[in-house]
Amino acid sequence: MILGTVKGTVYSTRKMDNLKGLKFLMIQPVGGSKKDIFVAADTIGAGIGELVLVTCNQPTQYALDYPAPVDALVVGIVDNPPAME
């Protein structure tokens with residue numbers, strides 16, 4: 001899993017039927033730079049600036065109710081972030 005901050009939203013006017021209903025977010029890993037930003041699907045309603053947990057690759061398919069071509073998925077919003085040094 002990756003701990004990251006939501007930096008923005010990706011808008012798509014056309015997408016596969018399997019992706020309808022998914023929101024796409026730009027995630028910057030904690031301790032990473034802008035060049036490390038990646039896109040993750042979201043079904044739980046995370047917003048810009050929130051600290052989130054993201055699962056990547058094959059485990060992502062276990063978190064979805066249906067098969068979709070997604071390799072990163074927001075699976076949690078962190079309510080009480082740990083102190084980062």
With clusters defined by side-chain heavy atoms of hydrophobic residues (ILVMFWY) lying less than 4.5 Å apart, directly or transitively, does [Y] cluster with [X]?
{"X": "I2", "Y": "V74", "result": "yes"}
{"X": "V52", "Y": "L3", "result": "no"}
{"X": "M16", "Y": "V39", "result": "yes"}
{"X": "V75", "Y": "V30", "result": "yes"}

Over all atoms of both residues, closest heavy-atom pair of V54 and A40: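 Heavy atoms only, the tightest pair is CG1-CB, 4.1 Å.
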Considering all heavy atoms, the nearest N18-P69 contact: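 Answer, listing the atom of N18 first, then P69: CB-CD, 4.1 Å.
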Pairs involving residues 15-26, ordered by first then second residue, that meet salt bridge (charged side-chain N to carboxylate O under 4.0 Å, His left out) (sequence neighbours left out):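 Output for this query lists D17-K20, K23-D42.
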Summary of salt bridge (charged side-chain N to carboxylate O under 4.0 Å, His left out) pairs that have at least one residue in residues 45-58, sequence neighbours excluded: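 Passing the test, one end in residues 45-58: no pairs.
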[atom1]-[atom2] distance between [X] and [Y], expressed to the nearest 0.5 angstrom:
{"X": "L73", "Y": "L25", "atom1": "CG", "atom2": "CG", "value": "10.0 Å"}
{"X": "M26", "Y": "I37", "atom1": "CE", "atom2": "CD1", "value": "5.0 Å"}
{"X": "M1", "Y": "C56", "atom1": "CE", "atom2": "SG", "value": "10.0 Å"}

Those residues that, when tested against D79, pass salt bridge (Lys or Arg N to Asp or Glu O under 4.0 Å) (two or more places apart):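 D79: no salt bridge (Lys or Arg N to Asp or Glu O under 4.0 Å) contacts found.
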Residues that I48 engages under side-chain contact (heavy atoms from CB on, under 4.5 Å), provided they are two or more places apart: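 I48 satisfies side-chain contact (heavy atoms from CB on, under 4.5 Å) with V6, T9 only.
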Atom OH of Y66 with >12 non-hydrogen neighbours under 6.0 angstrom: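 Yes, OH of Y66 has more than 12 neighbouring heavy atoms, counting only those of other groups under 6.0 Å.
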